[in-house]
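One structure below.
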Amino acid sequence: MSKHQITQIVQARISGDGMVETGVKGVQLFRYSEPMRCAPAVVEPCVVAILGGVKEAILDGKSHVYDASRYMCCPMSMPIEAGIPQASVDNPLLGVYIALDARVMTELAIEMESASGAIRRPEGGALPQGFALAQWDDAFTEALLRLLQLETPTDLAVLGAGRLRELCYAVLTGEAGRSARRAYGVGNEVARAIAYLSTRLNEPVTIDDMAVQVGMSRAVLHRKFKQATTMSPIQFVKSMRLNKAAMKIAGGMSVSEAALDVGYVSPSQFSREFKRLYGQSPRQWSHAQHLSVGMG
């Protein structure tokens with residue numbers, strides 16, 4: 001019943017295609033009534049809850065399709081291809097986008113670790129991927145409903161941050177919780193390495209630079225990075241840069257400007273690597289693709 005109420009709230013607040021602010025920072029509603037081919041994107045830390053329709057994300061060549069039965073949690077910035085495989089006026093893609101605030105998530109993750117005993121590093125074993133699909137549970141559903149029920153400016157100003165924090169807690173305790181806690185709690189070296197990289201895409205960042213930043217050896221960072229993202233650090237850096245460049249080109253930037261903006265000194269090297277990843281030259285791709293930059 002609560003999910004039905006959430007759907008009714010979203011439908012009442014958004015009539016046309018696009019994204020609409022809710023009044024709570026980082027929380028937006030969206031609606032799209034036309035399918036979109038998967039195209040390069042860089043998804044920032046977020047949760048996407050689908051209420052109608054289907055969304056697709058391709059990570060390192062593997063397709064992940066999700067709908068109203070599962071929400072998506074991406075606790076780290078990730079280079080993916082995103083699209084809408086099917087949508088129509090009668091059955092649009094409908095949902096809620098929640099940006100994850102690093103400070104709030106870190107506070108909650110560490111408080112949870114403290115409450116369960118002495119803070120300790122996570123046990124060994126494979127790291128969860130930085131991209132998770134989780135079943136809606138009662139806690140997540142109720143928290144999202146309570147957040148979207150806020151309407152007046154006073155309610156939004158006074159209660160918004162608290163209700164959003166409650167939703168973040170539901171994510172951390174839900175099916176995607178282990179992945180999210182690894183990104184924000186103790187032992188979050190991979191997430192910190194990605195955050196370091198994300199602010200320096202136009203600089204020559206090496207694996208050694210990333211390893212030094214998080215206090216790990218090159219070999220250990222490589223192993224944990226592969227476990228968390230399915231890519232090696234070098235592959236990840238290249239995908240982040242090329243996806244960012246593709247988004248800039250789709251937004252109207254010239255190929256040469258986009259290449260320089262993400263750290264490529266040689267336009268020919270940029271074109272070669274772009275074609276190797278996407279199967280087309282940057283100019284061919286820019287004419288053939290339509291990329292929605294409003295939502296990952």
Among residues two or more places apart or on two chains, list those pairs meeting ring pair (Phe, Tyr, Trp, His ring centres under 6.0 Å) that have a residue in residues 252-276.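 Sorted pair list: Tyr264-Phe270, Phe270-Phe274, Phe274-Tyr278, Phe274-Trp285.
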
So that I can tick it off, tell me whether Glu107 and Arg165 are bridged by a salt bridge, with the cut-off set at under 4.0 angstrom between side-chain N and carboxylate O.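 Counted as a salt bridge, because a side-chain N and a carboxylate O are separated by less than 4.0 Å.
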
Lys/Arg-Asp/Glu bridge criterion (N-O < 4.0 Å) met for Asp261, Lys248: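 Yes, charged N to carboxylate O under 4.0 Å.
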
Identify, with sequence neighbours excluded, every residue that meets side-chain contact (heavy atoms from CB on, under 4.5 Å) alongside Pro45.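 Pro45 satisfies side-chain contact (heavy atoms from CB on, under 4.5 Å) with Ser77, Leu100, Tyr184 only.
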
Counting distance only, does the side-chain N/O of [X] pair as donor-acceptor with the main-chain N or O of [Y] below 3.5 Å?
| X | Y | answer |
| --- | --- | --- |
| Asn243 | Ala41 | yes |
| Thr22 | Val27 | yes |
| Arg200 | Tyr196 | yes |
| Arg13 | Leu29 | no |
| Arg31 | Ile14 | no |
| Trp136 | Ala68 | yes |
| Thr106 | Arg103 | no |
| Arg182 | Ala191 | no |

Would you give the length of the straight line joining atom [atom1] of [X] to atom [atom2] of [Y], rounded to the nearest 0.5 angstrom?
| X | Y | atom1 | atom2 | answer |
| --- | --- | --- | --- | --- |
| Leu145 | Glu142 | CG | CD | 6.0 Å |
| Arg276 | Lys238 | CZ | NZ | 6.0 Å |
| Thr230 | Lys226 | OG1 | NZ | 7.0 Å |
| Glu34 | Ile84 | CD | CD1 | 9.5 Å |
| Leu51 | Thr7 | CG | OG1 | 4.0 Å |
| Arg218 | Met210 | CZ | CE | 11.0 Å |

Tell me whether Leu260 is reachable from Leu201 by hopping between hydrophobic residues (I, L, V, M, F, W, Y) whose side-chain heavy atoms are closer than 4.5 Å.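 As far as the 4.5 Å side-chain criterion goes, Leu260 and Leu201 are not connected within one cluster.
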
Shared ILVMFWY cluster between Met78 and Val65, side chains joined below 4.5 angstrom?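 Per the 4.5 Å side-chain linkage, Met78 and Val65 are not co-clustered.
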
Non-hydrogen atoms of Asn188 and Ala183 that approach each other most closely: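 That closest heavy-atom pairing would be CB-O, 3.1 Å.
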
Might you point out which heavy atoms bring Pro35 and Pro85 nearest each other, and give the distance in Å?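 Taking Pro35 first and Pro85 second, the nearest heavy atoms are CB-O, 3.9 Å.
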
Applying ring pair (Phe, Tyr, Trp, His ring centres under 6.0 Å), name anything that partners Tyr169, two or more places apart in sequence or on another chain.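 In terms of ring pair (Phe, Tyr, Trp, His ring centres under 6.0 Å), with neighbours along the sequence ignored, Tyr169 is linked to no residue.
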
Does the separation of the ring centres of Tyr71 and Phe140 fall below 6.0 angstrom?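 Yes - the distance between ring centres of Tyr71 and Phe140 falls below the 6.0 Å cut-off.
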
Taking side-chain hydrogen bond (donor to acceptor under 3.5 Å, both in side chains) as the criterion, tell me which of Asp90, Asp17, Asn91 meets it with Ser33.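 Of the listed options, the one satisfying the test is Asp17.
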
Could you go through Thr154 and Thr152, starting from their C-alpha distance and side-chain angles, then the distance that decides it, and tell me whether this counts as side chain to side chain donor-acceptor pair (under 3.5 Å)? CA-CA 5 Å; Thr154 302; Thr152 70; 4.9 Å; no

Distance alone, cut at 3.5 Å: any donor-acceptor contact between the side chains of Thr206 and Asp209?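 Distance-only check passes for Thr206 and Asp209.
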
Taking it one step at a time, do Glu257 and Ser254 satisfy side chain to side chain donor-acceptor pair (under 3.5 Å)? CA-CA 5 Å; Glu257 287 176 325; Ser254 72; 3.1 Å; yes

Stepwise, does the side chain to side chain contact (heavy atoms under 4.5 Å, CB included) test hold for Val96 with Leu148? CA-CA 10 Å; Val96 186; Leu148 296 181; 3.9 Å; yes

Side chain to side chain, Phe225 and Met231, heavy atoms closer than 4.5 Å: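 When only atoms from C-beta onward are counted, Met231 and Phe225 do not touch, as no gap falls below 4.5 Å.
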
Does atom CD of Gln135 have more than 12 heavy-atom neighbours, drawn from other residues, nucleotides or ligands, at distances under 6.0 Å?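 Counting neighbours around CD of Gln135, more than 12 heavy atoms of other residues, nucleotides or ligands fall under 6.0 Å, so yes.
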
